[in-house]
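Report on the following structure.
Throughout, residue positions are numbered sequentially from 1 according to the sequence presented. In each ligand, atom 1 is the first atom listed, and ligand 1 is the first ligand listed.
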Amino acid sequence: MTLTDLLKEKQVKFMLLGGKGGVGKTSCSAATAIWAAEHGLKTLIISTDPAHSLSDSFDQQIGSEIKKIKGVKNLYGLELDPHKSFEEYREKMEQDDLPEKTQSLLQGLGGLTGMTPPGADEALAFAKVLEYIENPEYDLVIFDTAPTGHTLRLLSLPDVLSGWVMNLLKIREFFGKFAGLFKRLISRGGEVERGMEVLEHLKNTIDVARIELSDPESTAFVIVMIAEAMAVFETERLLSALNEYEIPCDHIIVNMVYPEILDCAFCRSRRNMQLENLKEIREIYDDFNITEVPLFDVEIRGVEKLKELSKILFGEA
Ligand SMILES: Nc1ncnc2c1ncn2[C@@H]1O[C@H](COP(=O)(O)OP(=O)(O)O)[C@@H](O)[C@H]1O
Ligand SMILES: [Mg+2]
């Protein structure tokens, strides 16, 4: 199944592109998003890399609010800001009139379950990602992810979060048996209930997302790599983690393949080295769909250049 089939026939709802830093994840995500949008899918592209480069790639400002991408109809972009999400979440809790006491209770219980504030930041940012997963407004959501290590942490968060929320719910249940005592401790019981509602909602969101992300009918993870030996090791690491989280993946983009330039000995040598690696990659991943993308002679920046890349990715070049 080619990338075209993935979007046209299978009509996956979520596509995640991941791999090592600098291999072309953002460029390929952006080009894929453009192709999808131009083929009638209302598409949202979200960057989960704290070092955002969607704005650079599209050559227009995107930022932490959903923005229409200029020059492509049907396409919207968002650069997720983990810190802002945490702030927003806190604000939401405050707006919901969650009293300080409940919030500090939640924080205290979080401490009990070993959830440190930096982890909470990322976890809540992920909760934000989950909101988009639940959002039926878009036909396709493309995630331009951060380099492997960070993305793996992000993907493990449903488990972390889910365990965290479950513990809180259990503690609530436990205290429920001593309702009188608990109420006296907290003094205003209703506030606790409200906090628990938020948590239960979060737990549901996580469960839905986990099901969606591990369903090959709705999700595809595409690995972006370059034709070098080191990249094969990284790909192995990524694949085994995806396997562990049950995230379906059978597509690889091998980017930046040296074109044939006969009168350049240096280029020929690099190209031959890459062709060797490519052969090996094709052998190792013989049940994967592999798309080769040549090294461009210029940076891939702006909608027009990205469209060129999308033609290659979707076999229209
Ligand atoms: N096939 C290619 N040919 C030439 N330059 C490329 C190609 N793919 C990506 N680039 C350039 O490489 C740099 C890194 O690409 P990017 O998509 O930001 O990688 P990542 O998101 O994996 O860090 C960018 O400047 C981009 O324009
Ligand atoms: Mg990137």
Side-chain angles (χ1 to χ4, degrees), residues 3 15-36 44-64 69 71-72 75 77-82 125 129 141-155 221-228 230-235 237-239 242 249 251-261 264 266-267 270-271 273-275 277-278 281 290-317:
L3 289 172
M15 201 159 151
L16 295 85
L17 288 92
K20 231 164 109 81
V23 294
K25 296 178 295 299
T26 300
S27 310
C28 291
S29 304
T32 301
I34 290 176
W35 191 89
L44 174 65
I45 178 168
I46 302 180
S47 160
T48 65
D49 188 347
H52 295 298
S53 53
L54 270 190
S55 297
D56 285 341
S57 186
F58 281 106
D59 199 15
Q60 49 186 284
Q61 199 48 44
I62 297 177
S64 63
I69 306 280
V72 191
L75 183 57
L78 168 71
E79 293 176 321
L80 210 68
D81 178 346
V129 171
V141 182
I142 294 181
F143 293 98
D144 166 29
T145 73
T148 312
H150 187 274
T151 296
L152 294 184
R153 254 202 335 277
L154 195 71
L155 291 176
F221 196 105
V222 177
I223 292 183
V224 186
M225 66 185 294
I226 49 174
E228 316 222 327
M230 291 296 285
V232 176
F233 300 133
E234 179 100 356
T235 300
R237 195 158 73 91
L238 183 52
L239 274 173
L242 291 175
C249 174
H251 283 261
I252 294 177
I253 294 170
V254 182
N255 191 18
M256 304 185 183
V257 178
Y258 251 79
E260 194 165 7
I261 305 167
C264 164
F266 173 84
C267 311
R270 277 206 77 84
R271 178 172 161 84
M273 179 271 290
Q274 290 197 336
L275 289 184
N277 290 326
L278 207 53
I281 291 168
I290 296 179
T291 307
E292 270 177 51
V293 176
L295 181 69
F296 283 40
D297 57 358
V298 290
E299 230 186 358
I300 302 177
R301 191 155 190 231
V303 169
E304 284 318 307
K305 219 65 205 161
L306 286 167
K307 278 186 186 170
E308 257 179 63
L309 174 57
S310 76
K311 288 204 175 87
I312 293 167
L313 287 173
F314 291 87
E316 295 170 353

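No side-chain heavy atom of Cys28 sits under 4.5 Å from any side-chain heavy atom of Val222. Put simply, the side chain of Met15 reaches to within 4.5 Å of the side chain of Leu3, judged on heavy atoms. You'll find the side chain of Met225 reaches within 4.5 Å of the side chain of Ile281, heavy atoms only.
At least one heavy atom of Pro294 sits less than 4.0 Å from an atom of ligand 1. Under a 4.0 Å heavy-atom criterion, Arg301 is not in contact with ligand 1.
Residue Leu295 has no nitrogen or oxygen atom sitting less than 3.5 Å from a nitrogen or oxygen atom of ligand 1, judged on distance alone. Remark: ligand 1 and Val23 share an N or O pair separated by less than 3.5 Å (distance only, no angle test).
Of the candidates Met256, Lys305, Glu308, Glu299, Met256 brings a heavy atom nearest to atom 10 (N) of ligand 1.
Atom 18 (O) of ligand 1 has as its closest protein heavy atom Thr26 CB, 3.9 Å. Closest protein heavy atom to atom 2 (C) of ligand 1: Ile300 CD1, 3.5 Å. For atom 8 (N) of ligand 1, the closest non-hydrogen atom on the protein side is Asn255 ND2, 2.9 Å. Of the protein's non-hydrogen atoms, Ser27 OG, 2.6 Å is the one closest to atom 17 (O) of ligand 1. Atom 19 (O) of ligand 1 has Gly24 N, 3.0 Å as its closest protein atom, hydrogens excluded (heavy atom only).
Checking atom 4 (C) of ligand 1 against the protein gives a heavy-atom contact under 4.0 Å. Per-atom contact check: atom 13 (C) of ligand 1 does not touch the protein, criterion being a heavy-atom distance below 4.0 Å.
Although no hydrogens or angles enter the test, the distance criterion places no donor-acceptor pair under 3.5 Å between the side chain of Ser64 and the main chain of Glu79.
Checked for salt-bridge contact, Lys305 and Glu308 meet the test: a charged N lies under 4.0 Å from a carboxylate O. Taking the charged nitrogens against the carboxylate oxygens, Lys25 and Asp144 have no contact shorter than 4.0 Å, which rules out a salt bridge. The pair Lys307-Glu316 does not meet the salt-bridge criterion, since no charged nitrogen lies less than 4.0 angstrom from a carboxylate oxygen.
Nearest approach of Leu44 to Gly77, heavy atoms of both residues: CD1-N, 4.1 Å. Minimum interatomic distance between Val303 and Val72 (heavy atoms only, all atoms of both residues): CG1-CG2, 3.8 Å. Of all the heavy atoms in Leu75 and Ala33, the pair that sits closest is CD1-CB, 3.7 Å.
Classified by interplanar angle (parallel below 30°, tilted 30° to 60°, perpendicular above 60°), the ring pair Trp35/Phe314 is parallel.
Taking every non-hydrogen atom of Val298 and a distance limit under 4.0 Å, the qualifying atoms of ligand 1 come out as 4 (C), 5 (N). Interface of Lys25 with ligand 1, defined as ligand atoms under 4.0 Å from a residue heavy atom, comprises 17 (O), 19 (O), 20 (P), 21 (O), 22 (O), 23 (O). The contact set between ligand 1 and Gly22, taken as ligand atoms under 4.0 Å from a residue heavy atom, comprises 14 (C), 19 (O), 20 (P), 22 (O), 23 (O).
Of the inter-residue distances, the one linking Ser47 atom OG with Ile142 atom CD1 reads 12.5 Å to the nearest 0.5 angstrom.
Around the Mg ion (ligand 2), protein N, O or S atoms at less than 2.8 Å comprise Thr26 OG1.
Side-chain contact of Thr26 with Ser53: a donor-acceptor pair under 3.5 Å is present, judged by distance alone.
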